[in-house]
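Residue numbers run from 1 in the order of the sequence given.
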Amino acid sequence: MNEPARDPTLRPSRRVRVVLLDDADRVLLFSAGNANDGSSRWFTPGGGLWPGESHEQAALRELREETGLTGVTLGPEIWRGRPWTTVLDGIAHEVRQRYFLVRAPAFVVDTSGFEALEASAITGHRWWTTAELAATTDLLRPAGLPVLLATLLTEGPPNQPILVDG
């Protein structure tokens, strides 16, 4: 996969996301509200890498912290986020995300491992079917998640990561 060149004027921000599917092919998403218009944005578990940590290590750590899930096997990298820019503490960052697949039996999500920022920003979580994703008017990340997930479920993981937005 040819990744876009990194912008040297921006601080790199390496992140990982986990597409967590249960045994009913539902995906777990977290929500954050938009204070301006009251809408919700839904996204997969994940976060930033610690220094010296691989994407794979970060994916399993984030899954443990955000859901309480341990003892799972990390599947392949299925998607790679198109780089985007954000400003954190006055510093411009170029965000690059990798999405990994994990399958696990249905379980009760335990968010007690949230960091303070996550606890203050995340407003909820739920398991979604592909039909529910296709019907929602809420913002989903990555963009096009209903089609991406439906394709993943019918065709299986891609041979190399697919470039996605968000």
Side-chain angles (χ1 to χ4, degrees), residues 1-22 26-34 40-104 107 109-128 133 139-145 148-149 151-152 156-166:
M1 169 178 188
N2 291 334
E3 242 184 286
R6 194 179 80 70
D7 183 337
T9 64
L10 302 173
R11 179 177 289 176
S13 178
R14 300 181 322 140
R15 298 185 189 175
V16 65
R17 313 282 338 154
V18 177
V19 178
L20 178 58
L21 298 175
D22 73 3
R26 298 178 306 165
V27 64
L28 179 68
L29 299 179
F30 288 103
S31 65
N34 182 332
S40 290
R41 175 176 51 95
W42 293 89
F43 48 91
T44 58
L49 277 68
W50 290 350
E53 189 175 43
S54 71
H55 285 88
E56 293 81 3
Q57 291 167 329
L60 292 172
R61 176 184 51 77
E62 289 288 345
L63 203 54
R64 182 184 69 251
E65 291 174 359
E66 295 182 1
T67 71
L69 186 62
T70 61
V72 296
T73 300
L74 187 66
E77 181 185 353
I78 54 173
W79 307 325
R80 193 162 293 181
R82 192 177 313 280
W84 51 278
T85 303
T86 190
V87 176
L88 302 170
D89 298 326
I91 300 169
H93 291 75
E94 181 181 62
V95 178
R96 291 179 181 249
Q97 299 189 119
R98 294 185 180 190
Y99 291 79
F100 290 87
L101 177 62
V102 170
R103 282 202 168 267
F107 67 98
V109 175
D110 174 5
T111 60
S112 63
F114 273 2
E115 295 175 0
L117 178 62
E118 293 164 333
S120 68
I122 294 177
T123 57
H125 64 272
R126 69 174 271 209
W127 294 93
W128 293 76
L133 290 172
L139 181 64
L140 302 172
R141 287 292 177 248
L145 183 57
L148 289 166
L149 185 59
T151 302
L152 177 66
N159 292 330
Q160 64 178 0
I162 296 170
L163 193 61
V164 298
D165 290 320

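Between V102 and G75 the shortest heavy-atom distance is CG2-N, 4.5 Å. Between P83 and R96, the shortest heavy-atom distance links the atoms CG-CZ, 3.6 Å. T70 and R64 get closest at one heavy-atom pair: CG2-CG, 3.6 Å. Summarising the geometry of L152 relative to P158, their closest heavy-atom pair is CD1-CD, 4.5 Å, with the distance given to 0.1 Å.
Partners of D165 according to the side chain to side chain contact (heavy atoms under 4.5 Å, CB included) rule, which considers only residues two or more places apart in sequence or in another chain, are R82, A143.
In this structure, F107 and T67 have side chains that are in contact, with non-hydrogen atoms separated by less than 4.5 Å.
Here the side chain of S120 pairs a donor or acceptor atom with the backbone of L117 at under 3.5 angstrom. With S54 contributing its side chain and Q57 its backbone, the two residues share a donor-acceptor pair below 3.5 Å. Distance alone, capped at 3.5 Å, is enough to place a donor-acceptor pair between the T123 side chain and the S31 backbone.
With values rounded to the nearest 0.5 angstrom, S112 atom OG is found 12.0 Å from E66 atom CD. Atom CG of residue L149 and atom CG of residue L133 lie 6.0 Å apart, to the nearest 0.5 angstrom. Between the NE2 atom of H125 and the CG atom of L29 there is a distance of 11.0 Å, given to the nearest 0.5 Å. If you take CZ on R98 and CH2 on W79, they are separated by 16.0 Å, rounding to the nearest 0.5 Å. Residue R41 holds its CZ atom at 13.0 Å from CZ of F30, rounded to the nearest 0.5 Å. If you take CG on L21 and CG on L101, they are separated by 5.5 Å, rounding to the nearest 0.5 Å.
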With a 3.5 Å cut-off and sequence neighbours excluded, list the donor-acceptor pairs that the side chains of residues 10-20 form with protein atoms.
from: S13; atom 1: OG; to: R15; atom 2: NE; distance (Å): 3.2
from: R14; atom 1: NH2; to: E53; atom 2: O; distance (Å): 3.4
from: R17; atom 1: NE; to: T44; atom 2: O; distance (Å): 3.2
from: R17; atom 1: NE; to: T44; atom 2: OG1; distance (Å): 3.4
from: R17; atom 1: NH2; to: T44; atom 2: O; distance (Å): 2.3

Under the criterion side-chain contact (heavy atoms from CB on, under 4.5 Å), I'd like the reasoning laid out for V109 against W127: C-alpha separation, chi angles, the key distance, then a yes or no.
CA-CA 10 Å; V109 175; W127 294 93; 4.1 Å; yes
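Under the ring pair (Phe, Tyr, Trp, His ring centres under 6.0 Å) criterion, the residue pairs touching residues 40-76 are W42-W128, with sequence neighbours excluded.
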